[in-house]
Amino acid sequence: MTQPTAKRFPTPALDKLPDDIRTRILAVQEKSGFVPNVFLSLAYRPDEFRAFFAYHDALMEKDSGLSKAEREMIVVATSAANQCQYCVIAHGAILRIRAKNPLIADQIAANYRKADITPRQRAMLDFAMKVNRAAEEVSEADFATLTAHGFSDDDIWDIAAVAAFFALSNRMANVTAMRPNDEFYMLGRQPK
């Protein structure tokens, strides 16, 4: 029996979506071999879909002082703290692939403080978690710590922006009861 994409809100039919959204979803399906449920769930509100993925791409796909794997580490750590099953599973798969490490996503999701990461990455995740849980407590001391680890102001902005953006994503995934695609569970676990 096929599980629903999300339990709470209807998933629109692919052939009923605006052309630009359908084209994007089909391109993702071509590349990955399946359609991640987040695309189908968020297509319920086309204008918000466009805005969400424009900001997602601006944060996650650009050249940055943070590697793509490090950005995924932020997503996995903060999503675990927010108890977002969808994002932990989906972005855990992406992290395993981008880091070329089948263990790292599980380590970070369970407790990033004990994960096999560098001190720089630990400082990055400490700050991301502070933005995620207590942004009002961010202080100059946090910036000094990150600067001491080699992060630029733009890198610090990126850490905060990824943590903040995925807080939104986590909340919507939880509200909609978005289900991770089965395909995500095994991605990046076996060497190719």
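Computed from heavy atoms alone, side chains included, the values below leave out hydrogens, waters and symmetry copies.
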Residue pairs fulfilling ring pair (Phe, Tyr, Trp, His ring centres under 6.0 Å) with at least one residue in residues 79-114, sequence neighbours excluded = H91-F166
Where the side chain of R96 meets the backbone of L187, is there a donor-acceptor pair that is under 3.5 Å apart?
-> yes
Can you tell me how far OG1 of T145 sits from CZ of F151, rounded to the nearest 0.5 angstrom?
-> 11.0 Å
For V88, the hydrophobic cluster (side chain heavy atoms closer than 4.5 Å, chained through members) also holds none
Pairwise salt bridge (Lys or Arg N to Asp or Glu O under 4.0 Å) hits with a residue in residues 24-39, at least two apart = R24-D57
G65 backbone acceptor or donor facing D155 side chain under 3.5 Å = yes
Residue pairs meeting ring pair (Phe, Tyr, Trp, His ring centres under 6.0 Å), one or both in residues 14-33, sequence neighbours left out, come to none
For F143, side-chain contact (heavy atoms from CB on, under 4.5 Å) partners two or more places apart | V138, E140, I156
Can you label the angle between the F52 ring and the H56 ring as parallel, tilted or perpendicular, going by 30° and 60°?
-> parallel
Pairs satisfying ring pair (Phe, Tyr, Trp, His ring centres under 6.0 Å), at least one member in residues 63-85, at least two apart = none
When you measure from the side chain of N37 to the backbone N and O of R179, does any donor-acceptor pair fall under 3.5 Å?
-> yes
For T176, what residues pass the side-chain contact (heavy atoms from CB on, under 4.5 Å) criterion, not counting sequence neighbours?
-> A6, F9, M178
Which residues share a side-chain contact (heavy atoms from CB on, under 4.5 Å) with A69, sequence neighbours left out = S67, L95, R98, A99
Between F39 and the options Y44, F53, F34, the ring pair (Phe, Tyr, Trp, His ring centres under 6.0 Å) test singles out F53
Could you tell me whether K130 and D126 have a side-chain N and a carboxylate O separated by less than 4.0 Å?
-> no
Can you check whether S139's main-chain N or O pairs, donor with acceptor, with D142's side chain at less than 3.5 Å?
-> yes
Taking only residues two or more places apart in sequence, or in another chain, which ones meet A161 in a side-chain contact (heavy atoms from CB on, under 4.5 Å)?
-> Y55, L59, W157
Set of salt bridge (Lys or Arg N to Asp or Glu O under 4.0 Å) partners for D153, sequence neighbours left out | none
Does N181 reach the main-chain N or O of V35 with its side chain, forming a donor-acceptor pair under 3.5 Å?
-> yes
So which pairs with a foot in residues 156-178 pass salt bridge (Lys or Arg N to Asp or Glu O under 4.0 Å), sequence neighbours left out?
-> K62-D158
Can you list the residues that meet the salt bridge (Lys or Arg N to Asp or Glu O under 4.0 Å) rule with R113, with sequence neighbours excluded?
-> none
